[in-house]
Amino acid sequence: MQFLCSQAGYRLVQFLEFSIKNEDTNEMLFQLKRPEIPLNWEDIDPAEEGRTVNYKFPISFLQAKNIGTTLTFAVGPKELSSFRMIERHYFRDRLLKSFDFTFGFCIPNTVNTWEHIYEVPALDEKTKKEMVLSPGQTVSDSFYFVDNKLVLHNKASYSYC
Amino acid sequence: MGLLTIIKKLKARERETRILMLGLDNAGKTTILKRINGEDISTISPTLGFNIKTLEHKGYKLNIWDVGGQKSIRTYWRNYFEQTDGLVWVVDSADRPDRLEDCKRELKELLKEERLAGASLLIFANKQDLSTALSFEQIKDLLELDSIQTHHWHIEGCSAVTGKNLLAGMDWIVDDIASRMFSLD
């Protein structure tokens with residue numbers, strides 16, 4: 001599937017950090033931090049590379065029952081009157097989890113965080129095994145909307161080993 | 001996951017529950033938010049925008065919004081009033097007298113807000129671990145809480161550092177929200 005919009009949204013909002021924690025054991029499962037360089041809101045790199053992230057997780061990741069994801073993002077010089085994220089996770093054609101979160105208003109020139117703590121959808125052992133044996137076939141699409149307009153679309157794929 | 005046991009009370013409700021945490025800068029809002037979930041509180045910097053914590057459990061959701069309290073950000077608070085079920089007002093009980101006056105004034109302004117009219121109000125008299133802190137009774141008098149007629153309110157002396165009374169306070173506000181919704185049904 002193609003990307004459904006350009007990356008113009010990076011003039012409005014940029015992601016700084018993403019982490020995943022096992023809420024039951026407090027163990028940090030994953031952490032991705034952007035290098036601390038000054039944010040640029042004018043010249044957006046139009047390169048398509050980087051729009052798809054390939055995550056590699058240890059197999060134990062699939063055993064976590066409750067996880068907490070934290071997204072840290074910066075808002076540029078322009079205020080956002082309505083910001084919303086929709087994300088869908090699939091294994092092959094099967095929808096595993098769907099997120100729909102409305103941040104609403106975002107203050108210009110700010111750094112904001114959203115932590116989401118939830119139960120991982122229960123998967124049978126057979127499916128988990130298939131997911132491990134099929135690297136890259138667990139995927140997600142993240143859609144970001146500003147004022148009901150799609151401004152960013154990113155993809156990710158997941159491997160467990 | 002101390003909050004989980006509390007939000008189970010909200011099971012009966014269909015829509016998401018929204019709690020808004022406000023207060024002057026350096027009152028301890030973000031520290032409280034992290035502490036109630038057992039997170040590290042050693043490196044907390046001033047909140048420039050917001051921190052949201054969403055707890056999702058068996059299909060029901062609790063969203064807690066912690067919005068920065070610096071003077072330049074306070075003008076944006078009104079953007080977060082919509083659909084608020086509970087307001088948590090955090091006070092630095094060891095703050096300077098003039099700041100406590102600001103604190104009282106800002107709270108009074110909030111309580112006039114139509115969009116917060118139905119919200120339960122919890123006041124956290126934070127930093128009770130400091131020797132210079134006023135007691136929660138003193139904070140209650142100083143903020144003239146007894147004169148509040150428009151909101152269900154409750155004050156809890158607490159410490160985000162030790163964790164004292166944080167869950168008790170959250171328990172009260174979630175209970176109050178849940179019972180109010182129940183009585184509407």
Side-chain angles (χ1 to χ4, degrees), chain A residues 12-17 19-28 31 33 36 39 64-85 87 97-122 147, chain B residues 1-8 15-16 18 20-22 25 29-31 33-41 43-84 115:
Chain A
L12 302 170
V13 58
Q14 293 183 31
F15 305 107
L16 305 181
E17 197 175 333
S19 65
I20 307 173
K21 202 175 82 180
N22 183 329
E23 285 293 322
D24 299 309
T25 61
N26 249 353
E27 178 196 1
M28 192 62 85
Q31 199 166 24
K33 232 181 190 167
E36 289 199 20
L39 296 175
K65 290 200 165 58
N66 292 287
I67 63 171
T69 60
T70 302
L71 176 69
T72 305
F73 61 93
V75 174
K78 192 171 172 276
E79 69 175 42
L80 312 182
S81 56
S82 176
F83 183 42
R84 177 180 177 189
M85 184 204 84
E87 189 169 280
K97 175 86 186 163
S98 183
F99 303 91
D100 183 345
F101 192 81
T102 299
F103 297 95
F105 182 88
C106 294
I107 304 169
N109 300 309
T110 53
V111 173
N112 307 279
T113 69
W114 176 43
E115 184 183 4
H116 184 198
I117 297 171
Y118 62 96
E119 286 162 289
V120 178
D147 301 343
Chain B
M1 299 200 60
L3 270 183
L4 207 51
T5 54
I6 286 174
I7 64 168
K8 283 179 182 165
R15 73 181 180 94
E16 303 179 5
R18 179 177 168 111
L20 179 61
M21 269 175 76
L22 297 174
D25 46 303
K29 299 177 289 297
T30 306
T31 312
L33 189 63
K34 285 188 173 283
R35 191 65 170 79
I36 46 182
N37 208 46
E39 290 164 47
D40 178 28
I41 56 166
T43 55
I44 291 173
S45 44
T47 302
L48 298 174
F50 54 66
N51 299 303
I52 309 166
K53 197 181 279 287
T54 299
L55 293 131
E56 191 180 340
H57 188 72
K58 300 203 191 300
Y60 53 99
K61 274 186 200 164
L62 174 66
N63 288 313
I64 307 177
W65 293 67
D66 149 32
V67 184
Q70 292 176 34
K71 208 163 186 186
S72 57
I73 301 179
R74 287 179 215 160
T75 52
Y76 291 108
W77 281 357
R78 58 189 170 79
N79 293 289
Y80 301 94
F81 294 162
E82 212 71 54
Q83 294 185 319
T84 293
R115 284 169 298 168

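A quick note: this is a predicted structure, and the numbers were derived from the prediction, not measured. Below, chains carry the letters A, B, ... as their sequence lines are ordered, and counting in each starts from 1.
Residues B/N37 and A/E115 are in side-chain contact: their nearest non-hydrogen atoms beyond the backbone lie under 4.5 Å apart.
Taking a 6.0 Å sphere around NZ of A/K65, one finds it holds 12 or fewer heavy atoms contributed by other residues, nucleotides or ligands. For B/R78, the CZ atom sits in a loose shell: 12 or fewer heavy atoms of surrounding residues, nucleotides or ligands are nearer than 6.0 Å.
Residues that satisfy the ring pair (Phe, Tyr, Trp, His ring centres under 6.0 Å) test with A/F15, not counting sequence neighbours, are A/Y144.
In this structure, OG1 in A/T70 is found 7.0 Å from NZ in B/K53, a value given to the nearest 0.5 Å.
Within the 4.5 angstrom heavy-atom criterion, only side-chain atoms of B/Y76, from C-beta onward, approach chain A. For a residue to count as touching a neighbouring chain, one of its non-hydrogen atoms must lie under 4.5 Å from one of that chain's; by this rule B/D66 does not touch chain A. For A/F99, no part lies near chain B; criterion is any non-hydrogen pair under 4.5 Å. Heavy atoms closer than 4.5 Å to chain B are found in the side chain of A/F101, but not in its backbone.
Taking the six-membered ring where tryptophan is involved, the planes of A/F105 and B/Y80 are perpendicular, since the angle between them exceeds 60° and thus also 30°.
A/W114 pairs with exactly one of B/T54, B/N51, B/N63 by the side chain to side chain donor-acceptor pair (under 3.5 Å) rule, that one being B/T54.
Pairing each heavy atom of A/I107 with each of B/I73, the nearest pair is CD1-CG2, 3.6 Å.
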